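The model shown is predicted, which means the values in this text are computed figures rather than measured ones. Both ligands and their constituent atoms are indexed starting at 1 by order of listing.
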Amino acid sequence: MKTRVRFAPSPTGFLHIGGARTALFNWLYARHTGGTFILRIEDTDAARNSQEAVDVILNGLRWLGLHWDEGPLTSDATGPSKGERGPYFQSQRRENYQRRVEALLSHGLAYEHEGAIKFKMQREPILIPDLVVGDVLRKLTDREEADPDFVIVRSDGQPVFHFVNVVDDLEMGITHVIRGEDHLSNTAKHIALFRAFGVEPPKYAHIPLILNADGSKMSKRDRGASLTTYGDDGFLPEAVNNYLCLLGWSPKDNVEKLALADVIERFDLPQILRHNARFDFEKLLWLQGEYCRELAPDRFYELSVHALAKAGLDTNALPVAYVKAALDTCRGKIKTFAELPAYAGFYFRDEITYDPEAAKKSFVPENKPRVEKLREAFGKLATFDAASLEAALKAVAAELGVKAGVLVHPVRLACTGNPSGPSLYHLLEVIGKEKVLARIEQAIQQLG
Ligand code: GLU
């Protein structure tokens, strides 16, 4: 039988990192088995529904590259969803639920109660075989003992989550339900509903939750909780995907950096870890740095320009060769693109703001004659390239009997405003003679 899995989020306006991981694990399992990955928007709660909330989910999955395989053809053939099918929306599947309620009613498996419709829940304990958690025997609680039946259609005519979730899983032929462990407590109800329809339930794999580094539950406001913030903060989807794979799944050899194609090959449900995963921002940053270093030049350039534009640094008016040369000095130096405006903003703005701490150290009166001498030496250079700049600076330092660092710090601060950054001689070459001399001149005014 072909694997059919689904990600079934409710549109809340927020895609939790745990939800993104659930989507990823479903997608990986579908790709690993050559099956189908379905996206189903559980939007029966009309009060919370909006296009924006749905877009948060769709754009989040698109950003991660987790494309869904199936669904109705969309009319929007030109937008970001070009060529995409689906997703399925529960709000468009009401007749199915209606039909299924009637079937239960006519078989005496459901009944009307104070305007609502209740399902006749089985009284016997239910065994939940779970591929991750193992076998769980769910007995009725004391409260359920008195009345285990539960509402499947509210008195206002709205079918409830348990019911629509099961009807869709059944009608969509879902073979494996891979979802967060918070749903394990609902699963007995779901299994009973499947049986009432005369169908064997799908296989279940409940994935342990993602906790904060300190072991507390991850709430909406915690760092890293919202998938949308990763793109905004300059992360690469391949780094985030890799990191999400490691949150609750581990390849047998403990390798951490894994291309998605590798994970697809290795991924399987029994390897999902049983204990809760802790969010480790440092590991994510490390992976991000690794992927960032390997980026193809064009993509590095494109993402950099985008991050700069978002910070108000427009590179459009500048020669492409200049922007490329400037960005080349940042490769391998930054981890996320959100660092770029602070790291390399000096290439793209006229005004230099000096880091106050560094200015206190470097812009001291005894440096004035030294920097003046350096300016003079730079001014005489016929070729303004990194090698000549380095030679000139070292010659001045030797003449003054000081270490190169004594000149390096003030000149870096003068030209970039920062105490650290790209390789000094390279950045000076990129900025060019005229601007370097002007910036040093301006700094000299500060020196006394
Ligand atoms: N709509 C449910 C949720 O967002 C789906 C649960 C499931 O995957 O079955 O948690």
Side-chain angles (χ1 to χ4, degrees), residues 3-30 35-50 53-58 60-61 66 68 70-71 86-94 96-97 100 126 128-133 136 138 150 152 158-194 197 199 201-210 217-220 225-228 244 248 269 272:
T3 303
R4 291 174 62 79
V5 291
R6 84 303 193 274
F7 175 47
S10 309
T12 59
F14 183 84
L15 181 50
H16 192 277
I17 193 74
R21 183 193 54 166
T22 298
L24 174 63
F25 282 16
N26 275 284
W27 181 88
L28 283 168
Y29 193 59
T36 301
F37 172 61
I38 287 168
L39 175 61
R40 181 173 82 222
I41 305 293
E42 302 216 320
D43 61 344
T44 48
D45 184 354
R48 295 207 299 188
N49 263 339
S50 66
V54 171
D55 284 342
V56 168
I57 297 168
L58 303 187
L61 296 185
L66 306 181
W68 48 97
E70 206 181 90
Y88 291 107
F89 288 92
Q90 286 190 325
S91 56
Q92 294 167 7
R93 302 169 61 81
R94 297 207 185 272
N96 294 337
Y97 311 134
R100 291 286 179 172
I126 291 182
I128 306 167
D130 190 286
L131 293 165
V132 176
V133 183
V136 179
R138 176 73 161 75
F150 60 91
I152 51 174
Q158 277 291 339
V160 306
F161 159 69
H162 302 300
F163 186 72
V164 294
N165 184 269
V166 166
V167 168
D168 281 339
D169 282 346
L170 192 167
E171 299 207 348
M172 293 178 178
I174 299 303
T175 57
H176 296 74
V177 167
I178 306 167
R179 62 185 173 190
E181 202 173 43
D182 47 333
H183 283 291
L184 187 57
S185 58
N186 299 323
T187 307
K189 287 190 172 87
H190 297 184
I191 289 178
L193 277 166
F194 274 106
F197 289 120
V199 183
K203 294 198 163 58
Y204 290 97
H206 285 94
I207 335 171
L209 303 182
I210 301 175
K217 202 175 163 226
M218 210 177 199
S219 82
K220 243 176 145 164
S226 157
L227 183 78
T228 317
L244 287 178
L269 299 176
I272 294 177

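No close placement of the H190 and F163 rings is indicated, their centers lying 6.0 Å or farther apart.
Each of R6, A8, P9, S10, E42, F161, N165, R179, H183 has a non-hydrogen atom positioned under 4.0 Å from some atom of ligand 1.
Residues satisfying the side chain to side chain donor-acceptor pair (under 3.5 Å) test with D168, not counting sequence neighbours, are Q90, R93, Y97. Remark: D182 engages no residue in a side chain to side chain donor-acceptor pair (under 3.5 Å) (not counting sequence neighbours). With sequence neighbours left out, the side-chain contact (heavy atoms from CB on, under 4.5 Å) criterion links T3 to V5, Y29, T33, T175, H176.
The pair D130-K203 does not count as a salt bridge, with every side-chain nitrogen at least 4.0 angstrom from each carboxylate oxygen.
With a 4.5 Å cut-off on side-chain heavy atoms, V177 and R6 count as touching.
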